[in-house]
K.L.:
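Here it is, the structure in full.
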Amino acid sequence: MQSVGMQGENSQGADTLGADLWQRGCERLATELPEQQFNTWIRPLPPAMVAEGASADGLVFSLRVPNRFKLDWIRNQYAGRIESILTELAGKPARLELALAAREPMARAVAAPANTVAANQPMAVGQVLHNGLRPVSAGPSPAPVAAPANGPLTHGQPVAQAPAPQNLPPSASRHRINSALTFDNLVPGRANQMARTAALHVAGAPGAMYNPLFIYGGVGLGKTHLIHAVGNALLKDKPDARVLYLHAEQFISDVVKNYQRKTFDELKAKYHSLDLLLIDDVQFFAGKERTQEEFFNAFEALLAKRAHIIMTSDTYPKGLADIDERLTSRFDAGLTVAIEPPELEMRVAILIKKAEAEQTPMPEDVAFFIAKNVRANVRELEGALRKVLAYSRFSHKEINIQLAREALKDLLSIQNRQVSVENIQKTVADFYKIKIADMYSKKRPASIARPRQIAMYLAKEMTQKSLPEIGELFGGRDHTTVLHAVRKIGGERQKNTELNQQLHVLEQTLKG
């Protein structure tokens, strides 16, 4: 490594100067980022190695990142800002090079989690020493200690690994993770943006933040795909991680079996020693008191050891019926995110990507035709695509809109028959306990006007009617009144969890 220089600094050894520049850069970044983000993505990084690049490059900071998800996230979210800060501090161009760190094959050291540092303790960033890299300590180096296998690692302080616990959960071949469900083949969009981002955070730094992660939404929207993607990401980075995916009904079955055999120690050994628990459809715990008690015990044990828990449900935590409040309050203690029905552009992207996976190109106009007519969820969208592809193969015809119309004629006729403005008005009136006549009346109290606006919104989203046509069916109202209702309810849906859940219920009811 060559010597580096900074404006206003005396010439020093490359190691000391490089460490000082990197430390000052990290300190600056800590003032700009939210504390959770900094503690998750920046604080655990090893110090960067610094070298003089070509004259145009200035300084080159080489940073080794422990896994692919962290590398991609840091490159996309923070690399530009880090380079700007380092350039400003150094008084010359600075470039950040990211690469994956080599795995340590032998016993590795462990350190206390970053968020256990006392609030007033100075931030420890990196320091370059003559014998390698290690984080700067605010005091004397602590004695090496054994820690859970999923804990973070120190550099250059190997210690003996803790003995493996007995009765480990299923090995990597039996973790029940579907290897086909990954982040790579999950189509991103506004509907799943927040849930996907949170899942990527968990995959990159399990146990650090968003714990537990609670994902909710209607059927067929991609909740299961998302949690399998987290499991696959963690197993790719740490093949020996103790990961388990299961449906809530499987957990119920395990509780019943162990209750009958009086072998609850086996149940605890199976679930309490996991690094990552992925559990689908926790609404099935409703009314099952012993199951809820055992899940509560497992939940507490896993959080205490900084293992991560991700759950899915068809409703948000406070909307779960017949589940103990101490559980729902814990479900809501981490991060709760919704997956929405995919918007039109996302549905088109899903169709094109799925068709490519089947090695059959999908014309964009056909994808738009299918996406406009299949709005419910990703599962129904995939079913419609399979029908179109099969029809094309069996009939030896080119895929076009006419072929798609023929292939989906049953689906389209059922949809057109079931989802009418009149049906929407009746369903919404029943849901909010008002009279159907109130949908056409001129009454304007909130108890009537609000459901009427919701019915207008659903009419625009779920039928092919124009705004003037919808207005006419709502007592001869002007199209601007309908447009106002559509925009108002659509905007509130993004912010109001309770309204969003009510709309989910209404949409599923209308789709049969």
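Quick caveat: nothing in here was measured; it's all calculated off a predicted structure.
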K.L.:
To the nearest 0.5 Å, how far apart are OG1 in Thr463 and CD in Glu422?
P.N.:
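Thr463 OG1 to Glu422 CD: 9.5 Å, rounded to 0.5 Å.
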
K.L.:
Please list, chain by chain and in numerical order, all residues satisfying ring-ring contact (aromatic ring centres under 6.0 Å, His included) with His228, sequence neighbours excluded.
P.N.:
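Here the qualifying residues are Tyr245.
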
K.L.:
Distance check, rounded to the nearest 0.5 Å: Leu234 atom CG versus Ile177 atom CD1?
P.N.:
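Leu234 CG to Ile177 CD1: 9.0 Å, rounded to 0.5 Å.
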
K.L.:
Identify the heavy atoms of Ala404 and Ile370 that sit nearest to each other, and give their distance.
P.N.:
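Answer, listing the atom of Ala404 first, then Ile370: CB-CG1, 4.4 Å.
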
K.L.:
Should Val378 and Val187 count as side-chain neighbours, where that means a heavy-atom distance under 4.5 Å?
P.N.:
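No, side chains not in contact.
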
K.L.:
Check whether the side chains of Gln502 and Tyr432 place a donor and an acceptor atom closer than 3.5 Å, and report yes or no.
P.N.:
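Checked: Gln502/Tyr432 side chains pair up, N/O donor to acceptor below 3.5 Å.
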
K.L.:
Can you name the side chain to side chain contact (heavy atoms under 4.5 Å, CB included) partners of Glu97, sequence neighbours left out?
P.N.:
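For Glu97, the residues satisfying side chain to side chain contact (heavy atoms under 4.5 Å, CB included) (neighbours in sequence not counted) are Val60, Ser62, Arg95.
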
K.L.:
Is His201 close to Leu335 at the side-chain level, that is, under 4.5 Å between some pair of heavy atoms?
P.N.:
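No. Closest side-chain heavy atoms not under 4.5 Å.
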
K.L.:
Which distance, rounded to the nearest 0.5 Å, do you find between the CG of Leu244 and the CD1 of Ile279?
P.N.:
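Here the rounded value is 8.5 Å.
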
K.L.:
Using only atom types and a distance under 3.5 Å, with no angle test, would you say the side chain of Asn211 pairs donor to acceptor with the backbone of Ala307?
P.N.:
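Checked: pair present.
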
K.L.:
Would you give the length of the straight line joining atom CD1 of Ile323 to atom CZ of Phe331, rounded to the nearest 0.5 angstrom?
P.N.:
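Result: 5.5 Å between the selected atoms.
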
K.L.:
Side chains of Leu45 and Ile74: closer than 4.5 Å at any heavy-atom pair?
P.N.:
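Yes. Closest side-chain heavy atoms under 4.5 Å.
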
K.L.:
Do side-chain atoms of Lys223 reach the backbone of Ile215 as a donor and acceptor pair under 3.5 angstrom?
P.N.:
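Side chain of Lys223 to backbone of Ile215: no pair is present.
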
K.L.:
How would you list, by chain and number, every residue that makes a side chain to side chain contact (heavy atoms under 4.5 Å, CB included) with Asn185, sequence neighbours excluded?
P.N.:
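Here the qualifying residues are Thr182, His225, Lys353.
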
K.L.:
What salt bridge (charged side-chain N to carboxylate O under 4.0 Å, His left out) pairs are there with at least one residue in residues 283-293, not counting sequence neighbours?
P.N.:
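Residue pairs with at least one partner in residues 283-293: Arg290-Glu294.
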
K.L.:
Could you go through residues 451-458 and list every donor-acceptor pair under 3.5 Å that involves a side-chain atom there, pairing it with any protein atom two or more places apart or in another chain?
P.N.:
from	atom 1	to	atom 2	distance (Å)
Arg452	NE	Asp438	O	3.3
Arg452	NH1	Lys443	O	3.0
Arg452	NH2	Asp438	O	3.0
Arg452	NH2	Ser441	O	3.3
Arg452	NH2	Lys443	O	2.7
Tyr457	OH	Arg493	NH1	3.2

K.L.:
Return the set of residues passing side-chain hydrogen bond (donor to acceptor under 3.5 Å, both in side chains) with Thr336 (not counting sequence neighbours), or none when no residue passes.
P.N.:
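In terms of side-chain hydrogen bond (donor to acceptor under 3.5 Å, both in side chains), with neighbours along the sequence ignored, Thr336 is linked to Asp332.
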
K.L.:
side-chain contact (heavy atoms from CB on, under 4.5 Å) between Tyr259 and Leu267: does it pass, once the steps are laid out?
P.N.:
CA-CA 9 Å; Tyr259 183 79; Leu267 189 75; over 6 Å; no

K.L.:
Evaluate Phe251 against Phe285 for ring pair (Phe, Tyr, Trp, His ring centres under 6.0 Å), listing each step before the verdict.
P.N.:
CA-CA 9 Å; Phe251 187 84; Phe285 289 162; 5.8 Å; yes

K.L.:
Just how far is it from atom CD1 of Ile85 to atom CD of Glu27, taken to the nearest 0.5 Å?
P.N.:
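The CD1 atom of Ile85 sits 11.5 Å away from the CD atom of Glu27.
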
K.L.:
By side-chain hydrogen bond (donor to acceptor under 3.5 Å, both in side chains), which residues pair with Asp478, not counting sequence neighbours?
P.N.:
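Per chain and number, Asp478 pairs via side-chain hydrogen bond (donor to acceptor under 3.5 Å, both in side chains) with Thr480.
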
K.L.:
Pick one: which of Val202, Asp280, Leu181 meets side-chain contact (heavy atoms from CB on, under 4.5 Å) with Ile227?
P.N.:
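Testing Ile227 for a side-chain contact (heavy atoms from CB on, under 4.5 Å) against Val202, Asp280, Leu181 leaves exactly one candidate, Asp280.
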
K.L.:
Any pair with a residue in residues 355-368 that passes salt bridge (charged side-chain N to carboxylate O under 4.0 Å, His left out), sequence neighbours left out, goes on the list, sorted by first then second residue, please.
P.N.:
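Sorted result for residues 355-368: Glu358-Arg393.
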
K.L.:
Sequence neighbours left out, what pairs pass salt bridge (charged side-chain N to carboxylate O under 4.0 Å, His left out) with at least one residue falling in residues 464-475?
P.N.:
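Every candidate salt bridge (charged side-chain N to carboxylate O under 4.0 Å, His left out) pair involving residues 464-475 fails, so no pair, neighbours aside, qualifies.
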
K.L.:
Check side-chain hydrogen bond (donor to acceptor under 3.5 Å, both in side chains) between Asn258 and all other residues, then give those that pass, not counting sequence neighbours.
P.N.:
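Asn258 satisfies side-chain hydrogen bond (donor to acceptor under 3.5 Å, both in side chains) with Thr263 only.
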
K.L.:
Test of understanding: with salt bridge (charged side-chain N to carboxylate O under 4.0 Å, His left out), list the residues that count as partners of Arg330, not counting sequence neighbours.
P.N.:
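Partners of Arg330 under the salt bridge (charged side-chain N to carboxylate O under 4.0 Å, His left out) test: Glu300.
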
K.L.:
Among residues at least two apart in sequence or on other chains, which ones pass side-chain hydrogen bond (donor to acceptor under 3.5 Å, both in side chains) with Tyr316?
P.N.:
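Once residues adjacent in sequence are excluded, Tyr316 has no partner under the side-chain hydrogen bond (donor to acceptor under 3.5 Å, both in side chains) criterion.
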
